[in-house]
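Keep in mind the model is a prediction, meaning the values are calculated, not measured. First listed ligand is number 1; within each ligand, the first listed atom is number 1.
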Amino acid sequence: MSDKFDVIVIGGGPAGYHAAIRAAQLGLKTACIDAFAGKDGKQALGGTCLNVGCIPSKALLDSSKQFYNIAHNLPVHGITVENAKVDLGAFIGRKDKIVKQFTGGVAQLFKANKITSYFGKGKLLKGNQVEITGNDGAKQTISATNVILASGSVPIELPFAKFDGKRIIDNAGALDITDVPKRLGVIGAGVIGLELGSVWRRLGSEVTIIEALPDFLGAADADIAKIALKEFAKQGLTIKLGAKLAKAEVKGDEVHLTYEDKDGAHYLVVDKLLVAVGRRAYTDGLLSDDCGVKLDERGRIVVDEHCHTGVDGVWAVGDAVRGPMLAHKGFEEGIAVAEWIAGKAGHVGYDTMPWVIYTEPEIAWVGKTEKQLKEEGVPYKVGTFPFAAIGRAVAMNEAVGQVKMIAHAETDRILGVHMVGPGVSELIAECVVTMEFKGSAEDLARIVHAHPTLSEAVHEAALSVDKRAIHKGN
Ligand code: FAD
Ligand code: NAD
């Protein structure tokens, strides 16, 4: 006899585990099936984000920043440290410990919320039945009134630079390198390329990033991207724009690359090659032929604005569906679907979805860029403020970058905020809240910001929209 649930979630990543916990909180009998195995072969809940994404990458970014600061920041404070070394075993070990703490934490939350957890692959069958294939190959079938698909994404593989896990690596490989490569090649100057490229650059690798598009960070505001590119160049990240990889050949301990740009073909030899050219929705083995769920031209599960697949009681959330591939987007969709299932009013703030890139300086934005508003013919005004004029940033020796605020020319409503600089991953939250409440630049300009803090850059940028910033000429 098959077990019957109110809700089955397939996938225990950020989107899936949020859906499962919220469903259980709402009194629904919930199960979650996840196939991710940790380094010890045991189930490791939390998906890409906790195992090989957000958390481990931030752990390595933080560790490498400490090391980099010894030579590049501490001397300015009058502190010198000689012969600083990195113990790579301890460096990676610290990251692994954090991963285990958080994946184990999700398992504890499942227990506390009485969620039935299955370790294996789930396949949606017709009539909301789900077949589970355990890691030992044993099969069982369970069913539910509602099934939430949260199978996430995997890295895109280039046919001419296939992952071998040793020389040509993906994000997971780049989080587990055991010797600092002398030369690291990166394909793709996107979020992963910049974050993980920064980690290994700070530890001493010569990092060359090859990016197909002519513009750097096309999704970000152009002024912000320009400042960031200049800073990355100062740190020694070599970024080749408008360059397409044509060939990658592993020869002994090296990878020989051929790439082409407007000047013709170029050759580059590296010790490791990180391919970070985007991710694709992962639905391998997820859907039976007759389950009724459809995929779009990019292989993503088709859903409406409520994450419903069109098949009675079947929903899909996170990286496996349209929209940005961000953990917090998955969190919100998972929670909203559980609430819709329980008859409540779920909500996802797609228009105020923050983006953060955790480089040094950090990059963060919410809402529209100036280019988008121009294309849409929306009248706007802009206020900017540099961190160079922020006392706290100067005291920290991190006075690089700026805040740029864009408001509607007539209503003053904030349409977008774009930042590059210290701590902007945290500063962006204030702007998200203001925009979600349909606030104006004047609202932020009239709100007290503590002095001296980095948040004063947001306050001054809001004042600058009305040409009345105090600490700069307008
Ligand atoms: P996933 O996290 O991919 O989880 C899906 C889970 O489902 C996996 O455990 C998978 O094994 C399981 N699964 C798939 N199919 C089945 C099946 N048939 N049966 C059972 N289980 C199945 N986002 C941010 O917002 N901030 C960041 O700083 C950030 N950093 C990142 C850094 C890196 C290096 C990478 C790669 C990604 C990063 N992301 C970040 C993106 C973020 O990790 C993803 O957006 C997020 O994990 C997506 O969540 P998800 O639940 O949809 O899918
Ligand atoms: P991405 O889309 O951010 O960047 C991929 C880059 O590769 C693009 O700039 C693209 O133009 C380039 N590219 C594509 N094909 C190429 C080719 N053949 N040669 C050279 N360049 C090529 O993708 P990503 O960096 O792989 O990250 C995947 C996703 O993971 C991100 O889009 C993001 O949603 C998520 N992520 C988020 C964070 C964060 O929020 N801080 C961090 C890491 C990853």
Only heavy atoms of Gly188, strictly under 4.0 Å: list the atoms of ligand 2 that pass. 6 (C), 7 (O), 12 (C), 21 (N)
Electrostatic pair Arg183:Asp271 at N-O distance under 4.0 angstrom: yes
Side chain, backbone, both or neither: which applies to Lys329 and ligand 1 if a contact is any heavy-atom pair less than 4.0 Å apart? neither
Test of understanding: given a 4.0 Å heavy-atom threshold, classify the contact between Asn171 and ligand 2 as side chain, backbone, both, or neither. neither
Who's the nearest protein heavy-atom neighbour of atom 45 (O) of ligand 1, and how far? Asp319 OD1, 2.8 Å
For ligand 2, which atoms have a heavy atom of Gly190 less than 4.0 angstrom away? 3 (O), 4 (O), 6 (C), 25 (O)
Within a distance under 4.0 Å of any heavy atom of Ser57, pick out the atoms of ligand 1 and give their elements. 32 (C)
Report, in ascending order of atom number, the atoms of ligand 1 lying under 4.0 Å from any heavy atom of Ile10. 17 (C), 18 (N), 19 (N), 20 (C)
Is any NZ, NE, NH1 or NH2 atom of the basic residue among Lys58 and Glu195 found under 4.0 Å from an Asp or Glu carboxylate oxygen of the other? yes
For Asn171, take its heavy atoms, then give the atoms of ligand 1 lying under 4.0 Å from any of them. 34 (C), 36 (C)
Using a 4.0 Å heavy-atom cut-off, which part of Lys123 comes near ligand 1: side chain, backbone, both, or neither? neither
Contact check: Gly318 vs ligand 1, nitrogen or oxygen atoms, below 3.5 angstrom: no
State if Tyr259 counts as touching ligand 2 under the rule of any non-hydrogen atom under 4.0 Å. no
Do the side chains of Val303 and Trp315 get nearer than 4.5 Å, heavy atoms only? no
Run the salt-bridge test on Glu254 and Arg167 with the 4.0 Å N-O cut-off and return the result as yes or no. no
Given the options His347, His308, His306, Trp340 meets ring-ring contact (aromatic ring centres under 6.0 Å, His included) only with His306
Classify the contact between Leu175 and ligand 1 as side chain, backbone, both or neither, using a heavy-atom distance cut-off of under 4.0 Å. neither
For ligand 1, which atoms, with element, lie under 4.0 Å from some heavy atom of Val52? 34 (C), 36 (C)
Which residue and atom name correspond to the protein heavy atom nearest atom 19 (N) of ligand 1, and how close is it? Gly122 N, 2.8 Å
Give a yes or no on whether a salt bridge exists between Glu157 and Lys162, defined as a side-chain N under 4.0 angstrom from a carboxylate O. yes
Would you mind listing which atoms of ligand 2 come within a distance below 4.0 Å of any non-hydrogen atom of Val356? 39 (C), 40 (O), 41 (N)
May I ask you to decide whether Lys404 forms a salt bridge with Asp221, counting only side-chain N to carboxylate O separations under 4.0 Å? yes
Pair Arg322 + Glu333, salt bridge at N-O below 4.0 Å: yes
How does Thr48 reach ligand 1, if at all, at less than 4.0 Å between non-hydrogen atoms: by side chain, backbone, both, or neither? both
Regarding Lys29 and the six-membered ring of Phe5, is the cationic atom NZ or CZ under 6.0 Å from the ring centre and inside 45° of its axis? yes
Sub-3.5 Å N/O-N/O distance, Asp34 and ligand 1: yes
I need the atoms of ligand 1 closer than 4.0 Å to a non-hydrogen atom of Lys121, numbered in the order shown. 17 (C), 18 (N), 19 (N), 20 (C)
Quick note on ligand 1: atoms under 4.0 Å from a heavy atom of Met325 include exactly 41 (C), 45 (O)
Taking NZ, NE, NH1 and NH2 as the nitrogens, is one of them in Asp176 or Lys95 under 4.0 Å from a carboxylate oxygen of the other? yes
Looking only at side chains, do Tyr17 and Arg22 share a donor and an acceptor under 3.5 Å apart? no
Could you tell me whether the side chains of Gln129 and Thr141 share a donor-acceptor contact shorter than 3.5 Å? no
For atom 38 (C) of ligand 1, the protein heavy atom that lies nearest, with its residue and separation: Cys54 N, 4.0 Å
Taking the basic N atoms (NZ, or NE/NH1/NH2) and the acidic carboxylate oxygens, is any pair closer than 4.0 Å for Asp96 and Lys39? yes
Show which atoms of ligand 1 fall inside a sub-4.0 Å distance from at least one heavy-atom site of Leu326. 23 (N), 25 (O), 45 (O)
